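The structure displayed is predicted, hence computed values, not measured ones. The sequence lines fix the lettering, A, B, ..., with proteins before strands; numbering per chain opens at 1.
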There are 2 protein chains.
Amino acid sequence: MRDVVKAFKALSDETRLRILNILLERECCVCEVMQALAISQTSASRNLSALYDAGFLKLRKDGLWSLYSIDQEGMKEYFPDLIKSVRKALEGNEVVTVDRERLKKAARVGPGCARQQRK
Amino acid sequence: MRDVVKAFKALSDETRLRILNILLERECCVCEVMQALAISQTSASRNLSALYDAGFLKLRKDGLWSLYSIDQEGMKEYFPDLIKSVRKALEGNEVVTVDRERLKKAARVGPGCARQQRK
DNA sequence: TCCTTATATGCGCATATACGGTTGTATTTT
DNA sequence: AAAATACAACCGTATATGCGCATATAAGGA
């Protein structure tokens, strides 16, 4: 029960749905998510963790990078098609499209990049 | 997008999952929900509204009673089997079983009943 | 070892949400 | 008409959540 609540809680936030959306495109590191959604590194990291804790993501480490991707098996037992449904539900959305465009230009550079942009 | 967030938010609460569970048994008025879950009338009413606003419930009026029931068509477009999945995910849960037992004994008497219990 | 970089985390603030108690409203019963 | 009722709305309070800032951790390279 707790787990089910946690899963839905993870999905009940716009930022996290947007993250799922770009991870449906491809595996990303934290700084790519940050760029694609134009959010802070803190927010990217924390929301990725939340989705991970809820069982929606896989984590793979590669040197300095934490690479997150959709865990297709994760929710299979009770919610087999949930992620597919989410994708469909977001389709055609303005923000979601922009995120995907920004993702194409995103590179694996981290908060340092963000700091420079600020100045 | 907002609607999707709202839908998941509605499902990300234990009380509301418990409400869905008993409504899967049968249509209920507010006071029956209140008895089945052993919660206050305020809480029952508010959480039913939330589920209704999110598109999971139908509302039918019969005299004094507001009768809520699962809206099978509600989420069909994007989340066709969501409610079925929720049922499966809750199956075997302790609380959920107790709720169903109490529902059997519940009658259509409202807050007046609760007020008497308090004294 | 020291420095840079990518990510994670503690903290404080603002806001959102849940709850109980009370009140309001409409409808039925007496 | 008055009382009882079923439900919804309002109010104050406690807790949860999200965010940014600053800092900690961890990995790799000079």
Side-chain angles (χ1 to χ4, degrees), chain A residues 2 5-19 27-54 57-69 106-119, chain B residues 2 5-19 27-54 57 59-68 106-119:
Chain A
R2 279 262 162 265
V5 170
K6 184 193 262 191
F8 285 127
K9 199 159 284 188
L11 297 178
S12 65
D13 179 89
E14 184 166 322
T15 302
R16 287 191 289 272
L17 290 182
R18 289 169 64 200
I19 290 178
E27 182 184 58
C28 292
C29 67
V30 177
C31 63
E32 286 173 316
V33 170
M34 171 185 130
Q35 293 168 74
L37 273 62
I39 57 178
S40 70
Q41 182 266 323
T42 307
S43 178
S45 172
R46 262 202 246 276
N47 284 305
L48 281 162
S49 296
L51 286 168
Y52 179 85
D53 288 342
L57 304 185
K58 281 186 295 188
L59 171 57
R60 186 169 73 86
K61 295 270 190 178
D62 175 21
L64 286 181
W65 289 285
S66 292
L67 298 163
Y68 288 93
S69 57
R108 286 201 187 162
V109 289
C113 164
R115 206 176 305 134
Q116 289 181 358
Q117 287 176 351
R118 223 177 291 135
K119 290 178 183 176
Chain B
R2 278 261 160 266
V5 171
K6 185 193 262 191
F8 286 127
K9 199 159 282 188
L11 297 177
S12 66
D13 179 272
E14 183 166 323
T15 302
R16 287 192 289 273
L17 290 181
R18 289 168 64 199
I19 290 178
E27 183 184 59
C28 291
C29 66
V30 178
C31 64
E32 285 173 316
V33 170
M34 170 184 130
Q35 293 168 75
L37 273 63
I39 57 177
S40 69
Q41 182 266 324
T42 307
S43 178
S45 173
R46 240 200 321 262
N47 285 303
L48 280 163
S49 298
L51 286 168
Y52 178 84
D53 289 342
L57 304 185
L59 172 57
R60 186 168 72 86
K61 295 271 189 177
D62 176 21
L64 286 183
W65 290 285
S66 293
L67 297 164
Y68 288 93
R108 287 201 186 161
V109 288
C113 165
R115 206 176 302 135
Q116 287 181 1
Q117 288 174 349
R118 224 177 290 136
K119 291 176 183 175

*Quick one: pull up SG in Cys28(A) and CD in Gln35(A) and give me the separation to the nearest 0.5 Å.*
10.0 Å
Give each protein N/O atom lying under 3.5 Å from an N/O atom of nucleotides 10-12 of chain C, with the pair distance.
{"unit_1": "dG10(C)", "atom_1": "O6", "unit_2": "Arg46(A)", "atom_2": "NH2", "d": "2.5"}
{"unit_1": "dC11(C)", "atom_1": "N4", "unit_2": "Arg46(A)", "atom_2": "NH2", "d": "3.3"}

*side-chain contact (heavy atoms from CB on, under 4.5 Å) between Arg2(B) and Lys6(B): does it pass, once the steps are laid out?*
CA-CA 6 Å; Arg2(B) 278 261 160 266; Lys6(B) 185 193 262 191; over 6 Å; no
*Contact class for Thr15(B) vs. all strands (heavy atom < 4.0 Å): base, sugar-phosphate, or nothing?*
sugar-phosphate
*Does Asn47(B) put a side-chain nitrogen or oxygen below 4.0 Å from OP1 or OP2 of dC19(C)?*
yes
*Can you check the Lys61(B) NZ to dT28(C) P distance for me, whole Å?*
12 Å
*Is there a side-chain polar atom (N or O) of Tyr68(A) under 4.0 Å from OP1 or OP2 of dA8(C)?*
yes
_Heavy atoms from C-beta onward define the side chain here; which of dA26(D), dT7(C), dA18(C) lies closest to that of Asp13(B)?_
dA18(C)
*May I ask you to evaluate whether Lys9(A) reaches the phosphate of dT17(D), defined as a side-chain N or O under 4.0 Å from OP1 or OP2?*
yes
*Would you kindly check whether a donor in the side chain of Gln41(A) faces an acceptor in the base of dA8(C), or vice versa, at under 3.5 angstrom?*
yes
_Separation of dT25(C) C1' from Trp65(B) CH2 (nearest whole Å)_ = 18 Å
*asked:* Between C1' on dA6(D) and CG on Leu59(B), what's the gap in Å once rounded to a whole number?
replied: 13 Å
*Please state how far atom CE in Met34(A) lies from atom P in dT7(C), giving the value in whole angstrom units.*
9 Å
*Quick one: pull up CD1 in Ile39(A) and CZ in Arg46(A) and give me the separation to the nearest 0.5 Å.*
12.0 Å
*If you round to the nearest 0.5 Å, how far is CD of Glu27(B) from CG of Leu67(B)?*
4.5 Å
*Between Gln35(A) (CD) and dT7(C) (C1'), how many Å, whole number?*
14 Å
*What bend angle does the helix from dT1(C)-dA30(D) to dT30(C)-dA1(D) show across its length, from five-pair end axes and to the nearest 10 degrees?*
20°
*In terms of side-chain heavy atoms of Ser40(B), which of dA6(D), dA8(C), dG20(C) is nearest?*
dG20(C)
_If we ignore hydrogens and angles and just use 3.5 Å, is the side chain of Arg16(B) paired with the main-chain N or O of Ala50(B) as donor and acceptor?_
no
*Closer to the 5' end of DNA chain D via nearest nucleotide, is it Ser49(B) or Leu64(A)?*
Ser49(B)
*Whole angstrom is fine here: how far is it from NZ in Lys6(A) over to P in dA16(D)?*
15 Å
*Would you mind reading off the distance between Arg16(B) atom CZ and dT17(C) atom P, rounded to a whole angstrom?*
9 Å
*For the residue pair Phe8(B) and Phe8(A), categorise the inter-ring angle as parallel (less than 30°), tilted (30 to 60°) or perpendicular (more than 60°).*
parallel
*dA8(D), dA26(D), dT7(C): which one has an atom nearest the side-chain heavy atoms of Val30(A)?*
dT7(C)
_Short side-chain donor-acceptor distance under 3.5 Å, Asp53(B) and Ser49(B)_ = no
*Side-chain N or O of Ser66(A) less than 4.0 angstrom from OP1 or OP2 on dT7(C)?*
no
_Taking 4.0 Å as the cut-off, does a side-chain nitrogen or oxygen of Ser45(B) come that near to OP1 or OP2 on dC7(D)?_
no
_Can you tell me how far apart CG (Asn47(B)) and CG (Leu57(B)) are? Round to the nearest 0.5 Å._
10.5 Å
*Hey, could you give me the CG/CZ distance between Asp13(B) and Arg18(B), rounded to the nearest 0.5 Å?*
10.0 Å
*Please report, rounded to the nearest Å, how far the P atom of dT7(C) is from the CG atom of Leu57(A).*
14 Å
*With the side chain counted from C-beta on, respond yes when Lys61(A) and Ser66(A) share a heavy-atom pair under 4.5 Å apart, and no when they do not.*
yes
